[in-house]
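A quick write-up on the structure given underneath.
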Amino acid sequence: MSEHWNVVYSTRSVAERSWSEPVPTVSLELLDVLGVTSEDSVIDIGAGESEFVGHLLLRGFSDLTVLDLADAALDVTRERVGYQNVITVQADVTAWQPTRRYDAWHDRAVLHFLSPIDAQRYATTVRQALAPGGVVVIGVFAPDGPESCSGLPVNRYSAHDLSALLGEEFDIVTQRQVRHHTPWGSEQSFQWIAARRREYAL
Ligand SMILES: C[S@@+](CC[C@H](N)C(=O)[O-])C[C@H]1O[C@@H](n2cnc3c(N)ncnc32)[C@H](O)[C@@H]1O
């Protein structure tokens, strides 16, 4: 699967990728709602070439990690933000074994590519990687969103589905249904949630 994404990033320009967005407005807004500050550590799952961590650097964050299957995308991020400023991890999130904990987990447009079994693995990894009291921001295709992306099938999620996937350790703080405008002007329906992990597991 990493080959698929390396080819995508090597052959399609930013303007040819449906998920491109100039400013990660919803992601940043939801971090603010959750009270995430520059003291917190953040991991961006399936970061691709997103400008998300660049915006966090501008806000003074210093403990940032990006994880993606595609080295081609990680190379661009390393060049853009500097090798010293952000830790990059080339990995499949469904097989990745975190070696530390993060205060915030961010995923825009990654979870929906995973099979139901891999989505369960993903949820396990969230619990391994996230500190007690930590937060998650997840944006995926909503039930009325696209049925495929980048030539791959997707699974679509309601806010309830996302809450059920994360489990009872998580309280949903807020949710948003947002229409993303692709670079060529079509619309895609996204479901976002912002959730907090309880300090103590149930
Ligand atoms: C639609 S793009 C979204 C990129 C970025 N989050 C953004 O908002 O611009 C999906 C990204 O997820 C990555 N990806 C897909 N499956 C993955 C997996 N199992 N583990 C890690 N990354 C994955 C792809 O390489 C790609 O960069």
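Both ligands and their constituent atoms are indexed starting at 1 by order of listing.
- The six-membered or imidazole ring of F52 lies near that of H106, with a centre-to-centre distance under 6.0 Å.
- In this structure, the ring of Y157 has its center no less than 6.0 angstrom from the ring center of F141.
- Both tests do not hold together for R127 against F170: distance to the six-membered ring centre under 6.0 Å, angle to the ring axis within 45°.
- Between W19 and F190, a ring centre-to-centre spacing not shorter than 6.0 Å is recorded.
- Hydrophobic cluster membership is shared by V173 and V137, with clusters built from Ile, Leu, Val, Met, Phe, Trp and Tyr side chains linked at under 4.5 angstrom.
- Under 4.0 Å from any atom of ligand 1, one finds heavy atoms of residues W5, Y9, W19, G46, A47, G48, S50, L67, D68, L69, A70, A91, D92, V93, R108, A109, V110, F113, L114.
- Taking the six-membered ring where tryptophan is involved, the planes of W96 and Y102 are tilted, since the angle between them lies from 30° to 60°.
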